[in-house]
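Remarks on the structure that follows.
The first residue of the sequence shown is numbered 1, and numbering continues consecutively from there.
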Amino acid sequence: MKNQITNAISDFFFEYETPRQVLVRNRRVGVVCRIIQLGVLAYIIGWVFIYEKGYQSTDIAVGSVFTKMKGVGYTSINGSERVWDVADYVFPSQGDASFVVMTNYIITEGQKMGKCPELHGKHNCSSNADCEGGSFKRTGHGQMTGECVKETKTCQVLAWCPVEDDLVIPDPPMLMSAENYTLFIKNSVTFPLFGVSRSNLVEGIDAGYISKCLYHPENAPLCPIFRLGDIVKLSGFNFETIATVGGAIGVVVDWTCNFDVAVTHCKPKYAFHGLYGNPTETDKARASVGYNFRYAKHYMEDSIPKRTLLKVFGIRFDIIVQSLARKFDIIPTLTAIGSGVGIFGVATVVCDLVLLYLLPKRAFYKNMKFKYTDTHAQK
């Protein structure tokens, strides 16, 4: 008994088992096997390592965006001249990553709380019975008093009077000069996994360069100063069209970096996309086109609270930062190699199926591959 245990332990530690292999000389099966192996090898090298970069670990950045607008606009309406600066046409004014630049507007001045007739088409009426006192309509400007104004044939409302008339949008837009406004984007990102921080003010982008540069996709791709007309054009829209009714444009700052080379090669790339509507689509084919909102400036006049109401049409800009950094890592490299070696077994499985079940001499090959033993009952 002791010898049996000793032998078993000895066999376990000092013997090596290897599977038996059968060399099959068959051109068709050999070609199939090599084609599959070459396909697997091309997948591992081409897709896993070269395209997907399976030998690197990845990280995405955390960052911040700061924006600043510059430019002056001018309007002259009925002999009334006005200059519009950044404080007038940018909403909000904090320099956020999402903001609106006013390009067109409808202004209603001197509004005060009182009773006045609605616009035609809002609350039309022929008698007081058509105006239910104390009720509202979703598209109206105030609460109905129950009286029908005969001169306008509309219901009287309690509202800010005179009510806003926004049926006709100024065309061409009031602030076409917005095409020449400039946008400064300052962006910084940090890749925590690799401990790397970068700014879009990369090497060579100093105060002197910024003071005279203007972004161009080929001539000045790293300049952080953008002309609004160029942004709109690069996004695929016509400036006058989008300035008239408003719209939304995304400015993408792309940080795709490879830290296997010098960190100085990690630089941003800018792209521009229309976020609302299709530039090739006809405006008449769409409902609720453009982008607009209302903004009121309140003041007191002769102890009476009044306001100036602006319906603002503008271009909304969203600064979107996307990032992906890569760097060599031994763990994903070994994982990719191991999975690739495992996939090589597909060739063996396919060829075995062909040999054992499809070829005319399958019985012969089966005899060569498997060794059968008969078990006899002990007497």
Side-chain angles (χ1 to χ4, degrees), residues 72-94 99-178 243-248 283 287-316:
V72 176
Y74 168 83
T75 57
S76 178
I77 304 173
N78 299 325
S80 176
E81 296 181 307
R82 178 169 178 175
V83 171
W84 301 76
D85 60 16
V86 176
D88 296 318
Y89 62 71
V90 177
F91 306 87
S93 57
Q94 292 85 358
F99 59 94
V100 178
V101 176
M102 181 171 66
T103 55
N104 204 4
Y105 64 90
I106 296 173
I107 188 168
T108 308
E109 296 182 299
Q111 284 188 320
K112 63 180 181 179
M113 191 59 63
K115 297 178 181 180
C116 52
E118 260 289 8
L119 289 179
H120 186 74
K122 297 291 185 179
H123 294 170
N124 293 345
C125 63
S126 56
S127 66
N128 292 344
D130 297 327
C131 304
E132 183 181 351
S135 64
F136 299 86
K137 281 193 176 181
R138 183 177 61 86
T139 57
H141 291 92
Q143 176 179 279
M144 286 188 285
T145 63
E147 182 178 338
C148 179
V149 181
K150 296 180 181 179
E151 291 79 4
T152 60
K153 293 185 178 180
T154 58
C155 295
Q156 186 186 71
V157 291
L158 175 64
W160 285 96
C161 300
V163 296
E164 177 192 54
D165 185 357
D166 61 346
L167 297 179
V168 179
I169 300 175
D171 190 8
M174 304 294 291
L175 291 171
M176 267 298 291
S177 56
T244 302
V245 296
D283 285 345
S288 186
V289 298
Y291 177 83
N292 64 79
F293 63 92
R294 286 172 174 81
Y295 174 69
K297 295 182 179 180
H298 293 261
Y299 60 94
M300 296 290 291
E301 185 178 278
D302 297 330
S303 300
I304 300 174
K306 292 186 176 182
R307 74 176 189 181
T308 298
L309 178 66
L310 285 94
K311 183 175 182 179
V312 176
F313 299 87
I315 306 173
R316 172 174 172 153

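- Partner of Leu175 under the side chain to side chain contact (heavy atoms under 4.5 Å, CB included) criterion, chosen from Val101, Thr75, Asn104: Thr75.
- When every heavy atom of Thr152 is checked against every heavy atom of His120, the shortest pair comes out as O-ND1, 4.1 Å.
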Disulfide bond (SG atoms under 2.5 Å apart) assessment of Cys131 paired with Cys155: CA-CA 6 Å; Cys131 304; Cys155 295; 2.0 Å; yes
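- Remark: Cys161 SG to Cys116 SG, distance under 2.5 Å.
- Using a 4.5 Å heavy-atom cutoff, the side chains of Asp166 and Arg294 are in contact.
- Between Arg82 and Asp88 the shortest side-chain heavy-atom distance falls below 4.5 Å.
- His298 and Trp160 have perpendicular rings, their planes meeting at more than 60° on a 0 to 90° scale where under 30° would count as parallel.
- By the 6.0 Å contact criterion, NZ on Lys153 is open, its count of non-hydrogen atoms from other residues, nucleotides or ligands being 12 or less.
- Inspection of the Thr108 and Glu164 side chains reveals no N or O donor paired with an N or O acceptor under 3.5 Å.
- Taking the side chain as every heavy atom from C-beta outward, Pro305 and Met300 approach each other to under 4.5 Å.
- One distance of note links CD of Glu109 with OG1 of Thr308; it measures 5.0 Å at 0.5 Å rounding.
- Annotation for Leu158 and Thr145: closest pair N-CG2, 4.0 Å, computed over non-hydrogen atoms.
- Within the 4.5 Å cutoff, no side-chain heavy atoms of Tyr299 are placed close to those of Lys297.
- Counting only heavy atoms from C-beta outward, the side chains of Met174 and Trp84 never approach each other to under 4.5 Å.
- Considering only heavy atoms from C-beta on, Thr244 stays 4.5 Å or farther from Pro172 through its side chain.
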